[in-house]
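Below is one structure, written out as structure tokens, with a few remarks after it.
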Amino acid sequence: MKRRRWILAGVSGLALLVPFVTPPGADAQCALGVPVIRVGVQGSSSGAHADYGRQIQMGATMAVEEINAAGGVLGCKLEMKFVDEELKPASAVKNARYLVTEWGAHFLVGVDSSGSAMAIGPVLPELKRIHFFTHAATHRLTEELVAQKGIQEIVRVSVPVYQESLAAWVFKDRPEIKRFATIGADYEYGYSTWNLFKETMKKFRPDAEFVAAAWAPFWTMDFSPHIAAVMAQKPDAIIATPWAGEAVMLLRQALLQGVFDKIQVWFQGMGGSVDVLEGITREVQQDKFKGKLWATARYIHNWPDTPENKAFNERFDKRWGRLPNYSAETTYSAIYIAKAAVEKAKSLETPKVLEALKGMQIQTPAGLRVFREEDHQFVYNVPAGRVVWDPKYPIAVLGDLKVVPAKDYYRYPPFTPVAATK
Amino acid sequence: MDTILFQGLIGLSLAMYLWLLSAGLTIIFGVLGVLNFAHGSLFMVGAYLAYTFYGMLELPFWLATLLSLLGVALLGLVMEWGFLRRIYDLDHAYQLLLTFGFILILDDAVKLIWGGVFKIPPIPPFLEGAWPVAGRLFPVYNVFLIAVGLAVAVGLWLLFERTWWGRTVRATASDREMANAIGVNVPRVFSGVFMVGAALAALGGALGTPVRVVAPGIGAAMIIQAFIITVIGGLGNLKGAFVSSLLVGVLSAYGTLFFPVFELFFIFVIMAVVLLVRPQGLFAR
């Protein structure tokens, strides 16, 4: 009897000691010596561009949930924190510092605005953290900050602005389209897209004329003057770069001016994003764009036609009740890339993880992504397509897909400067 | 020539929209002496209410607009009666802080109620289509904006110049103590004026919904333009706000056509030039 009491007392005492022996929150199986791996995520989650940040958050959450359910990374669970970058570089840098120095992020992911990306980039060596950029598209991030200045902590998982020059491949075999105009976002993305498009187009079509350009700053609500100004030059095609809610407004206001009766093609950069397609579905169903609206995005949910992509879409729809847009997929894939690199490096130390990224090729919902060592850009294919209505989907989709291999529209080191001016 | 005429008309519709935004702001400053930073937020709430009534509950567009005006007028009453009237006698800095606080509260409130993602209401059928003007198609929606802007200008002129209430408001604006001494219920006049100003902001928001998106933050984007217009016209001067709206709207449209490289700065260039020539604004006494 006495002996049993001693055993009970001993077991109880040991049980009481357990919380002091095991660090709070630590997983006994984690091989990396940390309680959890922290992933700090940023995106724009308020205003006309809020859906992109929301999609970044959804993509990251889903990746973290899946990885944790499957046992984590080398036995370590992931923990995620999302913050709003507000499309403001100062906020983005402040957030990055907070996420690393106060919250303890091991990796940074996301960022919608190119301005924010360019501001965060130079801070990363000081923070000693890798930032997987999953939307910001400025070519300067990888060309200037990585290839030229050597900031190793920058890694981009999404397609840079090169992809917008896909428009040149859409138009190159259509000699009847000769006069091009742009309604551009009035910042670097708009300027470099137009300049890259002109540069690429001139190679295919020396006869192309670039007849008008109108520039609309962030938060433009009324595009009527811009539309009227470029239409005054009677263009055959318009290349447009306002995105998210602004793209929806622009397209609806262009319809009111009867633009689609006058032009032959409208190419909307990032118009293949789910939020834009949702916003214009009503008009697409009514064939108001007359089959003249083309678009691309950095991932298109209905391409590639692979079991992996279909399964990703189904899981995303089941989890969130929506289709994934490109920032959701790029962020989701970025977290899986981080997982693969940590598993290869068997370490969370930045230099070792960077070393592990070298030579990496990884299958993702968007297809095969290949790490390019010179500029830390993951290279992969994304097509452009015509905006169409397909009853198989709840929203308008891209059809008549034109798949140009990434090697044809990506720029290669050594990089020559692209004018990032009007 | 056709291009110039067409761009001018587009500029006119832009001007009338800016006028709707700035009229309420300038009335509130002219009578109450309050520089209402939250005017853009009232515009945003008006847009959200119109979206709710029209886009979600599918009420007729006009009824949705009217309900949105009434809703924001009530919100204006709460702001004036509950908060602003307590600080009329304090330094202007307190008004700025208080109204700026309302921007933060209303921005977060709409995020909580409607979410952070933009909303897209449908275009009412009567606002679709376009009329041929100068060899191009001029949208019916833009004609509608011009008509509403002019109607509001005439309506406000009649209200302030030809009605007893308008005379009372003007008397109160000129001399608050004298108006009080002759039996005018000054607090009630102030509440009424703030409600009219708030309803005008909501009208801008509601009429924008058919072709614009509704999103948190649109108020802050619009308030900058409204301030520029009120400053150019002369703070508190209704006629000034109308003329400066015309100036900014039409010149911005021509700026986009002829000087696209400077589009971003055009509105500021206009303001700088006017303020250099007449620092008190075009119509300030």
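Here is how names work: the chains are called A, B, and so on, in the same order as the sequence lines, proteins then strands, and each is numbered from 1. Small disclaimer: the values here were computed from a predicted structure and weren't measured.
If you take CZ on Phe138(B) and OG on Ser224(A), they are separated by 8.0 Å, rounding to the nearest 0.5 Å. Rounding to the nearest 0.5 Å gives a distance of 6.5 Å between CG of Asp222(A) and CG of Asn142(B). The structure places CH2 of Trp219(A) at 12.5 Å from CD of Gln225(B), a figure rounded to the nearest 0.5 Å. The OG1 atom of Thr256(B) sits 13.0 Å away from the CH2 atom of Trp215(A) when rounded to the nearest 0.5 Å. We find the CE-CG distance between Met221(A) and Leu21(B) to be 9.5 Å, quoted to the nearest 0.5 Å.
Heavy-atom pairs under 4.5 Å with chain B were tallied for Arg54(A), Met231(A), Arg252(A); the largest tally goes to Arg252(A). Top candidate by heavy-atom pairs under 4.5 Å with chain B, chosen from Glu278(A), Arg282(A), Glu283(A), Gln253(A), is Arg282(A).
Around CZ of Phe258(B), the count of heavy atoms belonging to other residues, nucleotides or ligands within 6.0 Å exceeds 12. The neighbour count for Phe126(B) CZ, taken as heavy atoms of other residues, nucleotides or ligands under 6.0 Å away, is above 12. Around atom OH of Tyr393(A), more than 12 heavy atoms belonging to other residues, nucleotides or ligands sit under 6.0 Å away.
Side chain of Gln257(A) to main chain of Leu137(B): no donor-acceptor pair is present (N/O by atom type, distance under 3.5 Å, no hydrogens or angles). For the pair Arg136(B) (side chain) and Ala228(A) (backbone), a donor-acceptor distance under 3.5 Å is present.
Heavy-atom distances place no part of Asp2(B) under 4.5 Å from chain A, backbone and side chain included. With a 4.5 angstrom heavy-atom cutoff, Ala213(A) touches chain B only via backbone atoms. Residue contact with chain A, scored on non-hydrogen atoms closer than 4.5 Å, involves the side chain of Ile10(B) exclusively. Contacts of Pro122(B) with chain A are made by both backbone and side-chain atoms, with heavy-atom separations under 4.5 Å.
Pro260(B) and Lys422(A) make their closest contact through O-NZ, 4.0 Å (heavy atoms, listed as atom of the first residue, atom of the second, distance). A pairwise comparison of heavy atoms in Leu127(B) and Leu256(A) identifies O-CD2, 4.1 Å as the closest pair. Of all heavy-atom pairs spanning Gly116(B) and Ala50(A), the tightest one is O-CB, 2.9 Å. The nearest pair of heavy atoms linking Ala253(B) to Pro225(A) is CA-CB, 4.0 Å. Closest non-hydrogen pair, Thr3(B) versus Ala232(A), comes out as CG2-CB, 3.4 Å.
Salt bridge present: Glu128(B) and Lys288(A) bring a charged side-chain N and a carboxylate O closer than 4.0 Å.
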